[in-house]
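Taking it in order: structure first as structure tokens, then the write-up.
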Protein chains: 2
Amino acid sequence: MGTTKTDLFTAKQNEIAILAKAMGHPARVAIIEYLLKADKCICGDIVNELPLAQPTVSQHLKELKNAGIIKGNIEGNAICYCINEKTFHILKDYFTKTATVLKQQCC
Amino acid sequence: MGTTKTDLFTAKQNEIAILAKAMGHPARVAIIEYLLKADKCICGDIVNELPLAQPTVSQHLKELKNAGIIKGNIEGNAICYCINEKTFHILKDYFTKTATVLKQQCC
DNA sequence: AAACTTTATCGTAATATTGCAATATTAAGT
DNA sequence: ACTTAATATTGCAATATTACGATAAAGTTT
């Protein structure tokens, strides 16, 4: 096993799970945090900012990109990574919507 | 390796990562979804609702509980699981706050 | 083109996660 | 006490994740 049975769940459930999972690592949270406050979002800067080796950061960037949370634009021999607003809003909307339903709880 | 280097990141970054990670599985998203719409939130009902074996569901519930996203109250020989509003709002607030900063992006 | 910069990929070791059958635990009812 | 019902734990196999050194790929500069 070790494999998630995605076929047993709805597309929406899987979508949220994929996005949440991508945010489920402090390095990737740190990357998002950096992208938010940085004027320029160059990969090399992210590597310098994070306390992890370059291949590790590259891998984390790849996972965020695969989930659709960030996107990368080639700029010369560097790459400019940015947050994908559209995808990020899916997460925001999900938690906002979910939190508002949290009224009457039985326990 | 395989172990996350949590000590290299801030407490907040780790907190968000732990919560997001807990939501990073469709079964756990489905559990939260069920708890939101259910009048009663008994573990047995969740087991019946999900297309997974009882030990597997129990494990997912444990992970949500460890992350602090849900809490369980013993009711006779059954257990009533409920969403922990306080923790859930941490996630909501994080994504809300983050999404509002998403104005000027360079790419 | 050679040297340099920047980022990605490969390979690999250590650990974590997923899923379930079998079993244990705990409480309720008889 | 015995049985039933509900949930947790154990043990294990398969797979995924994390991390990084070494190396490759692609662009830039001289």
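Keep in mind that this is a model prediction, so the values were computed, not measured. Just so it is clear: chains get the letters A, B, ... in the order the sequence lines come, proteins before strands, and each one is counted from 1. Computed from heavy atoms alone, side chains included, the values below leave out hydrogens, waters and symmetry copies.
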So, OP1 or OP2 of [N]: does either fall under 4.0 Å of a side-chain N or O from [X]?
X        : N       : value
His25(A) : dA19(D) : yes
Thr3(B)  : dT15(C) : no
His60(A) : dA19(D) : yes
Lys21(B) : dT17(C) : yes
Tyr81(A) : dT6(C)  : no

When you compare the protein's N or O atoms with those of nucleotides 20-22 of chain C, which come within less than 3.5 Å of each other, and at what distance?
{"unit_1": "dC20(C)", "atom_1": "OP1", "unit_2": "Lys5(A)", "atom_2": "NZ", "d": "2.8"}
{"unit_1": "dC20(C)", "atom_1": "OP2", "unit_2": "Ala53(B)", "atom_2": "N", "d": "3.1"}
{"unit_1": "dC20(C)", "atom_1": "OP2", "unit_2": "Thr56(B)", "atom_2": "OG1", "d": "3.1"}

Determine whether Ile90(B) and Ile16(B) make a side-chain contact, defined as any pair of heavy atoms from C-beta on separated by less than 4.5 Å. yes

Side chain to side chain, Ile32(B) and Leu36(B), heavy atoms closer than 4.5 Å: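 Side chain of Ile32(B) against side chain of Leu36(B), heavy atoms only: contact under 4.5 Å found.
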
Nearest-angstrom distance from the residue atom [atom1] of [X] to [atom2] of [N]:
X        : N       : atom1 : atom2 : result
Asn66(A) : dT18(D) : CG    : P     : 12 Å
Phe9(B)  : dA19(D) : CZ    : P     : 7 Å
Leu50(A) : dT6(C)  : CG    : P     : 17 Å
Ile42(B) : dA5(D)  : CD1   : C1'   : 13 Å
Leu61(B) : dT9(D)  : CG    : C1'   : 14 Å
Lys71(B) : dT7(D)  : NZ    : P     : 19 Å
Ile18(B) : dA16(C) : CD1   : P     : 13 Å
Lys62(A) : dA19(D) : NZ    : P     : 16 Å

Okay, side chain of [X], backbone of [Y]: is any donor-acceptor separation there less than 3.5 Å?
X        : Y        : answer
Asp45(B) : Cys41(B) : no
Asn84(A) : Ile69(A) : no
Arg28(A) : Met23(A) : no

Return the nearest nucleotide to the side chain of Thr4(A); candidates are dT7(D), dA8(C), dG19(C).
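The listed nucleotide nearest to Thr4(A)'s side chain is dG19(C).
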
Under a 4.0 Å heavy-atom cutoff, the residues of residues 26-33 of chain B touching DNA chain D are none

Please write out the pairs of protein N or O atoms and N or O atoms of nucleotides 24-30 of chain C separated by less than 3.5 Å, giving the distance to one decimal.
none

